Amino acid sequence: MTFLTTAIDYPNGSPHIGHAYEKVLTDVLARYHRLKGEEVYFLTGVDQHGQKMVQTAEKEGVNVATLAQKNTKKFLKLLQALDISNDGWAETTHDLHKSCVAQILTDLHQKGQLYKKQYKGFYSIRQEQFLTDQERDQDGNFGPEWGEVEEREEENWYFKLSDHTAWLREIIETDKFGITPAFRKAEVLNAIARAESTDLCISRPKERLSWGIELPFDKDFTTYVWFDALINYISFAGYQGSVGVPPASDQAGQTNNPEHPTIPDFTQLWPARFHVIGKDIMVPAHAIYWPCMLHAIGFSDDQMPNLPVHGWWNVRGEKMSKSLGNIIDPITMVDTVGQDAVRYYLSRDIATGKDSDFDPERLYLLFNTEMANGLGNLLNRSLNMTKGSLGSELPAYEFDDAECQLVRDEHAKLLAAYSERMEQQDLRGTLEALVTFITAVNTFAERTQPWQLKKDEAKRDQLVAVLHHMCEACAQASILLTPFLPAAAAKMQAQLNLDSSNLKLPDLQWGLLKPGHTTNKPKPVFPRLEKPD
RNA sequence: CGCGGGGUGGAGCAGCCAGGUAGCUCGUCAGGCUCAUAACCUGAAGGUCCUCAGUUCAAAUCUGAGCCCCGUAACCA
């Protein structure tokens with residue numbers, strides 16, 4: 001089974017376009033793997049514990065559990081708005097997760113991977129962590145990024161991270177723990193060098209923080225939020241038999257995928273094919289803590305996940321932030337331009353791994369030119385001519401020529417490029433290949449001029465061939481578009497009268513529309529977006 | 001400071017890891033078509049791939065030096 005996850009979001013605020021991006025990116029990958037015929041389990045969720053949740057709740061004057069619940073709903077709403085096809089849903093306050101974390105802590109404690117230590121040092125209240133000399137700047141001071149720093153003496157529990165760093169370096173260098181793009185891998189290796197000698201403090205005294213998971217062997221402490229959150233990737237995947245009914249991933253109290261009402265068998269899921277994450281949580285959490293935790297728990301080298309690290313959407317070259325007031329609300333965006341346009345833009349206008357600028361102008365432009373004018377118009381003109389010239393029926397035909405052959409060649413090229421690009425998580429390149437194909441088919445129409453062929457009864461066989469190639473091309477394109485725009489692809493298929501339910505990528509070949517196939521009434525699938533103002 | 005990203009025709013970006021006719025979307029100019037969502041197609045103009053040096057038969061791509069821009073508090077993918 002192919003197991004894909006997103007990072008779990010921190011619900012101390014509303015989701016923004018970056019959250020939406022990670023969901024769409026992972027959803028496209030999940031749907032792609034399903035299209036390949038793989039059984040997929042796609043997990044996403046929320047990380048509800050931690051000091052910052054408590055702080056936000058205090059600021060808003062509400063109970064922290066209430067806050068978590070309220071904001072979690074917003075993230076669930078986002079999944080619906082974007083038609084995210086997650087199979088599982090992780091909430092770290094769920095009992096199933098808490099007991100799994102407790103079991104792991106107990107286990108690590110017994111293995112001697114955890115120890116208690118008195119530590120006196122400088123503590124950043126903002127970052128909730130002790131600072132070491134490595135955090136000092138060249139003048140020996142702690143920079144403003146740490147906020148208020150105070151000297152504090154405290155007893156805490158530590159995880160022997162340093163036991164695993166040499167091993168970690170090895171599996172990253174040998175790509176057993178895959179990190180992409182390549183420049184991120186270099187960054188992680190660099191970060192290991194800096195963090196090699198320090199262990200990870202995994203507890204917070206309960207009097208300071210009680211919102212979290214209690215250490216099972218020392219009731220005076222709460223588990224550090226990352227040590228808790230990262231475990232969601234296995235707790236909600238059935239690790240240590242944590243089977244049972246997971247939390248509901250929609251507001252009707254159902255999991256999104258009725259095929260997976262309970263958590264599947266862990267041995268079939270692990271290792272995760274991908275943990276899709278953002279660049280900000282790569283170091284240290286996902287690229288250092290997490291593999292070391294897995295190693296300490298006892299996972300072998302070939303049971304390590306892969307880490308595709310995506311970039312950020314900026315706004316006018318600036319980082320998106322609440323203080324700049326340039327946050328883009330994905331749900332408003334979907335309400336304005338529709339789910340298809342948002343999914344298309346988020347897939348189309350960013351190179352996976354890099355940053356990009358979120359530019360509404362480009363969203364309109366790309367969607368209108370490539371989907372409305374390109375694919376949508378192609379489908380519309382194909383169906384219209386089939387209806388007007390052939391009474392919506394595509395009978396058998398004999399005709400073939402170089403132009404027809406060219407369309408089939410372009411289709412073969414598309415199939416090759418599609419898989420190649422998708423295997424590299426290059427959504428943008430994949431869509432570019434699709435657009436190239438669409439253009440080729442539009443060119444085919446210009447050259448063969450079916451509207452002229454129609455006038456000559458002697459050329460009817462050629463007309464049938466041309467229209468079949470056009471409709472067939474649309475059918476093919478609709479299948480390949482499914483991971484990106486599932487709703488639009490389904491509409492296309494309805495108009496083409498194509499049942500795609502059992503179609504898988506490996507056996508996708510030219511000839512989906514058999515002789516005698518009838519098409520349905522055309523109606524624009526991608527209405528052009530009218531720019532506001 | 002250190003760490004990281006970037007500098008590619010008018011705009012925005014791929015390509016660089018695994019050197020070998022510089023690619024994509026838009027824009028501009030000229031033309032064609034009329035089946036279609038005022039959509040589609042063709043042709044053209046436009047580039048010292050930041051600079052310098054090096055390696056090489058060959059460098060946007062590798063190496064070294066330099067210049068410039070951005071990120072590296074919080075909110076947060």
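Keep in mind it's a predicted model, so treat the numbers as computed, not measured. All heavy atoms count here, side chains included; hydrogens, waters and symmetry mates do not. Note on naming: letters A, B, ... go to the chains in the order of the sequence lines (proteins, then strands), and numbering restarts at 1 for each one.
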[M] and [N], which share atom name [atom1], separated by this distance in whole Å:
N     : M     : atom1 : answer
B:U48 : B:U42 : P     : 27 Å
B:G23 : B:U61 : C1'   : 14 Å
B:C3  : B:A73 : P     : 15 Å
B:U21 : B:G6  : C1'   : 27 Å
B:A59 : B:U51 : C1'   : 15 Å
B:G15 : B:G66 : C1'   : 25 Å
B:C49 : B:G9  : P     : 9 Å
B:G47 : B:A14 : C1'   : 15 Å

Nearest-neighbour nucleotide for the [X] side chain, [options] considered:
X      : options             : answer
A:R362 : B:A77, B:C17, B:G12 : B:G12
A:W313 : B:U25, B:C16, B:A77 : B:A77
A:R184 : B:A77, B:U25, B:G4  : B:G4
A:K354 : B:U25, B:G6, B:A77  : B:G6

Rounded to the nearest angstrom, tell me the gap between atom [atom1] in [X] and atom [atom2] in [N].
X      : N     : atom1 : atom2 : result
A:E187 : B:C17 : CD    : C1'   : 16 Å
A:E403 : B:U42 : CD    : C1'   : 13 Å
A:Y10  : B:A77 : OH    : P     : 10 Å
A:M320 : B:C75 : CE    : P     : 14 Å
A:E60  : B:C75 : CD    : P     : 14 Å
A:F367 : B:A39 : CZ    : P     : 15 Å
A:D357 : B:G6  : CG    : C1'   : 13 Å
A:R421 : B:C24 : CZ    : C1'   : 12 Å

**Q.** Carboxylate-amine/guanidinium proximity below 4.0 Å for A:E432 and A:R421
**A.** no
Q.
Could you check whether A:E370 pairs with A:R428 (Lys NZ or Arg NE/NH1/NH2 to Asp/Glu carboxylate O, under 4.0 Å)?
A. no
Q. Any idea how A:Y289 and A:Y224 line up, ring-wise: parallel (<30°), tilted (30 to 60°), or perpendicular (>60°)?
A. perpendicular
Q.
Can you tell me how the ring of A:Y233 sits relative to the ring of A:H286, calling it parallel under 30°, perpendicular over 60° and tilted otherwise?
A. tilted
Q | Among A:Y21, A:F367, A:F484, A:F358, ring pair (Phe, Tyr, Trp, His ring centres under 6.0 Å) partner for A:Y345 | A | A:F358
Taking atom types as modelled, find out whether [X] and [Y] have a side-chain donor-acceptor pair closer than 3.5 angstrom.
X      : Y      : answer
A:T448 : A:E403 : no
A:K74  : A:N71  : yes
A:Q48  : A:T72  : yes

(Q) Under 4.0 Å, counting only non-hydrogen atoms across every strand here, what does A:G311 touch: a base, just sugar-phosphate, or nothing? (A) base
Q) Can you find a pair of side-chain heavy atoms, one from A:L434 and one from A:L414, that are under 4.5 Å apart? A) yes
For [N], which nucleotide is its Watson-Crick or G-U wobble mate, given both distances must be under 3.5 Å?
N     : answer
B:G71 : B:C3
B:G9  : none
B:C40 : B:G32
B:C49 : none
B:G19 : none
B:C62 : B:G54

Q.
Should A:W312 be counted as stacked on B:A77, where stacking needs a ring-centre gap under 5.5 Å and an angle between planes under 30 degrees?
A. yes
Q. Starting at the 5' end of RNA chain B and moving along, which residue's nearest nucleotide shows up first, A:G278 or A:T443?
A. A:T443
Q) Which residue lies toward the 5' end of RNA chain B, A:D355 or A:T56, if each is placed at its nearest nucleotide? A) A:D355
Could you write out each protein N or O paired with an N or O of nucleotides 34-38 of chain B at a distance under 3.5 Å?
from, atom 1, to, atom 2, distance (Å)
B:U34, OP1, A:Q452, NE2, 2.7
B:C35, O2, A:R381, NE, 3.2
B:C35, N3, A:R381, NE, 3.3
B:C35, N3, A:R381, NH2, 2.5
B:C35, N4, A:R381, NH2, 2.8
B:C35, N4, A:E446, OE2, 3.4
B:A36, O3', A:N380, OD1, 2.9
B:A36, O2', A:N377, OD1, 2.6
B:A36, O2', A:N380, OD1, 3.2
B:A36, N1, A:R381, NH2, 3.3
B:A36, N3, A:N377, ND2, 3.2
B:A36, N3, A:R381, NE, 3.1
B:U37, O2, A:F526, O, 3.4
B:U37, O2, A:R528, N, 3.4
B:U37, N3, A:F526, O, 2.7
B:U37, O4, A:G376, O, 3.3
B:U37, O4, A:F526, N, 3.4

